[in-house]
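This report concerns only the one structure given below.
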Amino acid sequence: MKDILLELETRRGTARMGGGAARIQAQHAKGKLTARERIELLLDEGSFEEFDMFVAHRCTDFGMQDQRPAGDGVVTGWGTVNGRMVYVFSQDFTVFGGSLSETHAQKICKIMDMAMQNGAPVIGLNDSGGARIQEGVASLAGYAEVFQRNIMASGVVPQISVIMGPCAGGAVYSPAMTDFIFMVKDSSYMFVTGPDVVKTVTNEVVTAEELGGASTHTRKSSVADGAFENDVEALAEVRRLIDLLPLNNRQKPPTRPFFDEVARVDQSLDTLIPDSANTPYDMKELILKLADESDFFEIQADYARNIITGFVRLEGSTVGVVANQPTVLAGCLDIDASRKAARFVRFCDAFEIPILTLVDVPGFLPGTAQEYGGVIKHGAKLLFAYGEATVPKVTVITRKAYGGAYDVMASKHLRGDFNYAWPTAEIAVMGAKGATEILYRAELGDKDKIAGRTRDYEDRFANPFVAAEKGFIDEVIMPHSTRRRVCRAFASLRGKQVQNPWKKHDNIPL
Ligand code: HXC
């Protein structure tokens with residue numbers, strides 16, 4: 001009996017060593033943790049329950065029958081994050097470069113199926129050279145099985161991908177279908193084909209970092225939602241995000257104890273808006289002043305910075321925030337901002353997370369670059385996302401809400417539940433100068449006359465009261481009391497129930 005127990009321990013010990021001491025050392029030398037060390041950091045201490053530790057591949061080509069490491073390059077199982085259940089897979093780069101074989105895929109599929117059945121998030125720690133080359137189509141089939149599950153799980157359980165090494169081919173398409181992708185700076189890459197293939201096919205010379213590093217994907221491509229300094233920080237931030245999310249689409253977002261006064265008055269907000277309409281101010285200041293304990297988890301902080309997206313807590317409950325940022329492009333909506341915010345709004349709606357929208361938008365960014373790029377279609381994504389969302393929606397217009405952008409930003413007409421405006425709000429078809437130049441084109445030569453017309457237009461429309469008279473604004477509120485008003489609004493919406501008409505699915509302008 002003792003021998004049998006000993007054998008189990010020996011087998012476990014071997015499995016835990018993955019690709020062996022030398023490769024583990026090489027992994028550490030690159031500043032990367034091993035698959036198991038990452039799981040230890042991600043989950044609550046001692047909570048990890050492993051599946052399939054002894055699964056080995058079945059390939060016999062290229063001499064593979066002689067190398068059959070237990071676990072086959074991926075560690076899978078479940079555990080808890082601050083007591084809440086999550087499923088996890090962590091690819092082991094020390095075993096065939098974390099490449100995905102048929103059996104490696106089956107291990108991932110098993111935990112994804114269990115996550116769906118039991119209603120818990122899936123966190124993938126990706127460190128993989130893609131399809132296992134020795135297995136050919138069997139590994140491609142394995143990827144497609146994972147992809148199919150990513151698609152079925154979308155909108156049912158949160159799926160989070162952390163890119164923690166060089167990820168190529170199929171190793172990037174599975175993350176691409178998950179809700180959030182985070183990268184580690186300087187040690188993770190994502191590309192469909194690496195720099196060598198790029199050079200062969202297109203003659204383009206590019207480094208891995210330029211092609212698919214964290215900076216590329218958080219600033220240029222928007223493939224990734226955030227990047228962190230190292231493995232430890234990335235895993236700690238994923239824990240922080242999990243704390244904000246519901247476990248599945250049938251649960252409400254978690255509520256946790258909060259240490260901030262709901263009715264907290266912030267007098268400094270009364271002077272947040274500068275005297276000149278063209279002077280920017282930092283919308284993040286407002287977000288931090290509204291949030292419980294000033295805690296804000298930002299999504300896509302470095303991309304389309306003219307719009308801010310992320311999560312806060314109000315009265316301990318998660319709320320998604322979408323806010324125009326006047327310090328970047330004057331807060332205009334453009335293609336990138338519309339896509340970024342639309343995806344965020346749809347995530348929130350899929351997982352019953354209420355949405356707070358803070359509006360200061362002079363309109364859509366004009367110009368050929370935007371029109372040729374399809375701003376009509378991309379802008380429509382955000383309009384569509386807000387209009388179809390059935391979660392509680394509270395909107396505060398702080399300053400400008402002009403033109404189509406007024407409609408788009410969770411207006412009353414798109415089923416906004418509470419639409420507040422500060423006294424500094426300006427709600428109109430366009431800014432006063434542009435409006436008078438169109439309405440009084442014949443008088444353009446007379447500067448004084450035009451200045452007078454502009455003042456008249458400002459007096460009439462550069463305020464929230466015309467919209468308030470029509471009931472499009474429910475209440476004009478004092479900036480200093482915004483937190484209290486917004487918290488009370490969301491509290492009153494906890495029982496909200498709205499159903500969209502039955503359909504197979506909508507046809508959002510992709
Ligand atoms: C089998 C692989 C592998 C793979 C790496 N290895 N990728 N084994 N299949 N796909 C092995 C290496 O042979 C090596 O084994 C070990 O992993 C470490 O790899 P290195 O190349 O030494 O490491 P590094 O220099 O850090 O480079 C990592 C890498 C590179 C950038 C990932 O290995 C690479 O380019 N791999 C191939 C990527 C690729 O083209 N994959 C197929 C994509 S197609 P030893 O024994 O020496 O330690 C695909 C199709 C799906 O995925 C498409 C679905 C839409």
Side-chain angles (χ1 to χ4, degrees), residues 17-35 56-74 89-109 124-151 161 163-178 181 183-202 204-214 216-217 223 231:
M17 286 305 286
R23 288 195 182 89
I24 290 176
Q25 210 176 359
Q27 179 88 345
H28 286 159
K30 288 180 207 152
K32 295 160 66 183
L33 298 174
T34 64
H57 69 75
R58 294 186 281 263
C59 179
T60 51
D61 292 313
F62 305 102
M64 288 291 278
Q65 67 276 12
D66 301 329
Q67 311 171 58
R68 299 182 69 238
D72 202 26
V74 63
F89 70 85
S90 180
Q91 291 177 313
D92 184 350
F93 192 79
T94 69
V95 176
F96 306 121
S99 59
L100 183 134
S101 67
E102 187 181 14
T103 41
H104 179 128
Q106 283 165 356
K107 285 183 66 172
I108 295 176
C109 289
L125 309 181
N126 297 268
D127 193 352
S128 166
R132 187 163 309 158
I133 295 165
Q134 296 90 332
E135 291 209 6
V137 71
S139 64
L140 298 183
Y143 261 128
E145 294 286 343
V146 176
F147 298 157
Q148 182 63 45
R149 282 165 177 79
N150 286 134
I151 296 160
S161 301
I163 311 297
M164 311 191 83
C167 288
V172 296
Y173 272 109
S174 171
M177 283 185 292
T178 62
I181 298 180
M183 296 183 73
V184 181
K185 290 180 191 168
D186 303 321
S187 62
S188 76
Y189 310 98
M190 298 179 78
F191 25 69
V192 174
T193 50
D196 297 343
V197 180
V198 170
K199 179 155 191 317
T200 311
V201 178
T202 69
E204 202 181 357
V205 178
V206 63
T207 63
E209 183 62 37
E210 285 165 350
L211 187 63
T216 297
H217 287 310
V223 164
D231 286 13

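Counting starts at 1 for both ligands and their atoms, following the listed order. Along the sequence shown, the residues carry numbers beginning at 1.
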Option whose closest heavy atom lies nearest to [atom], chosen from [options]:
| atom | options | value |
| --- | --- | --- |
| atom 37 (C) of ligand 1 | S187, G129, S174 | G129 |
| atom 10 (N) of ligand 1 | P166, P195, A131 | A131 |
| atom 19 (O) of ligand 1 | F93, F191, Y143, Y189 | F93 |

Heavy atom of protein inside 4.0 Å of [atom], strictly below:
| atom | answer |
| --- | --- |
| atom 47 (O) of ligand 1 | no |
| atom 35 (O) of ligand 1 | no |
| atom 15 (O) of ligand 1 | no |
| atom 23 (O) of ligand 1 | yes |
| atom 8 (N) of ligand 1 | yes |
| atom 27 (O) of ligand 1 | no |
| atom 4 (C) of ligand 1 | yes |

How far apart are the closest heavy atoms of [X] and [Y], and which atoms are they?
| X | Y | value |
| --- | --- | --- |
| R132 | D72 | NH1-OD1, 2.9 Å |
| V205 | K199 | CG2-CE, 3.8 Å |
| H217 | L211 | NE2-O, 4.3 Å |

Problem set entry | Check ion pair D127-K32 (N to O, under 4.0 angstrom) |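 A salt bridge is present here (some side-chain N lies under 4.0 Å from a carboxylate O).
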Exercise. Counting only heavy atoms not in F147, do more than 12 fall under 6.0 Å of its CZ?
Worked result: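 Yes, enclosed.
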So [Y] and [X], do their side chains get closer than 4.5 Å, heavy atoms only?
| X | Y | answer |
| --- | --- | --- |
| V146 | C109 | yes |
| D61 | E135 | no |
| M64 | F96 | yes |
| S128 | F93 | no |
| H57 | R68 | yes |

Which atoms from ligand 1 have a heavy atom of [X] less than 4.0 Å away?
| X | result |
| --- | --- |
| G170 | 49 (C), 50 (C), 51 (C), 52 (O), 53 (C), 54 (C) |
| G130 | 52 (O) |
| G169 | 43 (C), 49 (C), 52 (O) |

Any N or O of [X] that comes nearer than 3.5 Å to an N or O of ligand 1?
| X | answer |
| --- | --- |
| R23 | yes |
| F147 | no |
| L140 | no |

Problem set entry | Closest protein heavy atom (residue, atom, distance) for atom 1 (C) of ligand 1 |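 Residue, atom and distance for the closest contact: Q134 OE1, 3.2 Å.
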Exercise. Which protein non-hydrogen atom lies closest to atom 2 (C) of ligand 1, naming both residue and atom, and how far is it?
Worked result: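 Among all protein heavy atoms, the one nearest atom 2 (C) of ligand 1 is F96 O, 3.5 Å.
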Exercise. Among L100, I108, N126, D92, whose side chain to side chain contact (heavy atoms under 4.5 Å, CB included) with V74 holds?
Worked result: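 Between V74 and the candidates, side chain to side chain contact (heavy atoms under 4.5 Å, CB included) is satisfied uniquely by I108.
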